[in-house]
Amino acid sequence: MSTLGYAVSDSTTMLRRNLKHVVRYPSIPLFVAGTPIVFLLLFVYVLGGTLGSGLGGTRDDYLAYIVPGVLMLTLTGSATGTAISVATDMTEGIVARFRTMSISRGAVLTGHVLGSLIQTMAAMLLVAVVAVLIGFRPTGSPAGWLGALGVLTLIAFSVTWLSVAMGMNAKSIETASNQPMIFLLLPFLGSGFVPTDSMPDVLRWFADVQPFTPFIEAVRGLLMGTTVEAGTMLATVIWCAVLSVAGYAWALWLYNRRSVRA
């Protein structure tokens, strides 16, 4: 078997290990999907009437507006679960044992990334189903829906790599649970729940330049069949590339540094 073949085989083994952990310990995946569903119901049924009127529409219009933001909350909540999972492996010594075995160096990281990506997409699917059940009706074309799915997968992949690095960098599981918290705030500080033009000038500037605003606007436009500006899509691709490369480089550096120390 070639070197690439061994790497793929080892990564598949690590992926299977992570998915088995999900089945045995489902509390984190349930939290990842449950929290955004609670936010969705809260914003729609408690605040939706008032906020929908503020947007010049109804509760149903506000539901259509916030679904992309809630999907981003699902994605960022999964980042916390990923960091905790990686930190658990690092602190309990299983990674040190893997280093003594004849497995591909990057297989452990790849297994965590792919496993977390599958969990994240499953959680977002569940949130989307709940949104449809309470009245969300995307008006985009099937091609637009597939485009939104592709964008969400790309965003999840990039954020997952960064959360893996955060989990490796954490000295404890408690620290790992806190480091990705910034991701949970960014959809609220963007266009996830209110338009950015309703914000004070300084906050509006931050909302417009941070990555989750173009993420949300791209997904919203594709789902609802509205125009997605070229600049928004370009910003989405650039931010995903930056986060992916930064997360991968940071995680690999941490893994190699700990290997040398070991």
Side-chain angles (χ1 to χ4, degrees), residues 32 35-36 39-40 42-44 47-48 50-52 54-57 61-80 82 117 120-121 123-124 127-128 131 136 138-140 144-163 166 179-247:
V32 168
T35 301
F39 273 110
L40 176 65
L42 172 66
F43 274 90
V44 171
L47 305 174
T50 300
L51 293 176
L55 292 174
D61 295 321
Y62 187 65
L63 170 61
Y65 183 85
I66 68 167
V67 165
V70 175
L71 291 175
M72 291 300 153
L73 281 184
T74 311
L75 188 150
T76 55
S78 182
T80 301
T82 300
L117 183 61
T120 301
M121 300 310 295
M124 285 197 286
V127 171
F136 175 60
T139 54
W145 301 341
L146 289 175
L149 177 62
V151 170
L152 286 170
T153 303
L154 185 62
I155 297 168
F157 180 78
S158 60
V159 172
T160 298
W161 266 115
L162 203 54
S163 61
M166 289 179 175
Q179 286 191 0
M181 286 297 292
I182 182 63
F183 291 144
L184 293 174
L185 297 176
L186 291 179
F188 291 102
L189 298 176
S191 62
F193 297 89
V194 295
T196 59
D197 58 13
S198 66
M199 301 177 180
D201 290 341
V202 174
L203 185 56
R204 178 181 178 181
W205 173 85
F206 175 79
D208 287 339
V209 300
Q210 61 113 329
F212 278 85
T213 292
F215 291 170
I216 292 167
E217 290 302 316
V219 173
R220 181 178 289 132
L222 291 168
L223 286 177
M224 303 308 298
T226 57
T227 302
V228 180
E229 296 181 0
T232 298
M233 192 59 70
L234 179 61
T236 297
V237 173
I238 290 175
W239 271 116
C240 286
V242 169
L243 294 177
S244 298
V245 172

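In what follows, residues are counted from 1 in the order of the sequence shown. A quick note: this is a predicted structure, and the numbers were derived from the prediction, not measured.
Residue F188 forms a ring pair (Phe, Tyr, Trp, His ring centres under 6.0 Å) with just one option from F212, F183, F193, and that option is F193.
Here the side chains of L152 and M72 are in contact, with some heavy-atom distance below 4.5 Å. The shortest side-chain heavy-atom distance between M121 and L149 falls under the 4.5 Å cut-off. Residues L40 and L63 form a side-chain contact, since some pair of their non-hydrogen atoms from C-beta on lies under 4.5 Å apart. Residues L222 and W145 fail the side-chain proximity criterion, which asks for heavy atoms closer than 4.5 Å. Using a 4.5 Å heavy-atom threshold, the side chains of F215 and C240 count as touching.
Across A64 and M224, no two heavy atoms sit closer than the pair CB-CE, 3.9 Å. Contact detail for L73 and L184: the closest heavy-atom pair is CD2-O, 3.6 Å. For the pair Q179 and M166, the tightest heavy-atom approach, listed with the atom from each and the gap, is OE1-O, 3.0 Å. Between G69 and P187, the shortest heavy-atom distance links the atoms O-CB, 4.3 Å.
Ring pair W161/F157 is perpendicular by interplanar angle, where above 60° counts as perpendicular and below 30° as parallel.
The environment of F39 atom CZ is sparse: at most 12 non-hydrogen atoms of other residues, nucleotides or ligands sit within 6.0 angstrom. Remark: D197 CG is packed, more than 12 non-hydrogen atoms of other residues, nucleotides or ligands lying under 6.0 Å away.
Between the side chain of S78 and the backbone N or O of T74 there is no donor-acceptor pair closer than 3.5 Å. Under a 3.5 Å cut-off, the side chain of T232 and the backbone N or O of A218 do not form any donor-acceptor pair.
Interatomic distance, I155 CD1 to T76 OG1, rounded to the nearest 0.5 Å: 11.0 Å.
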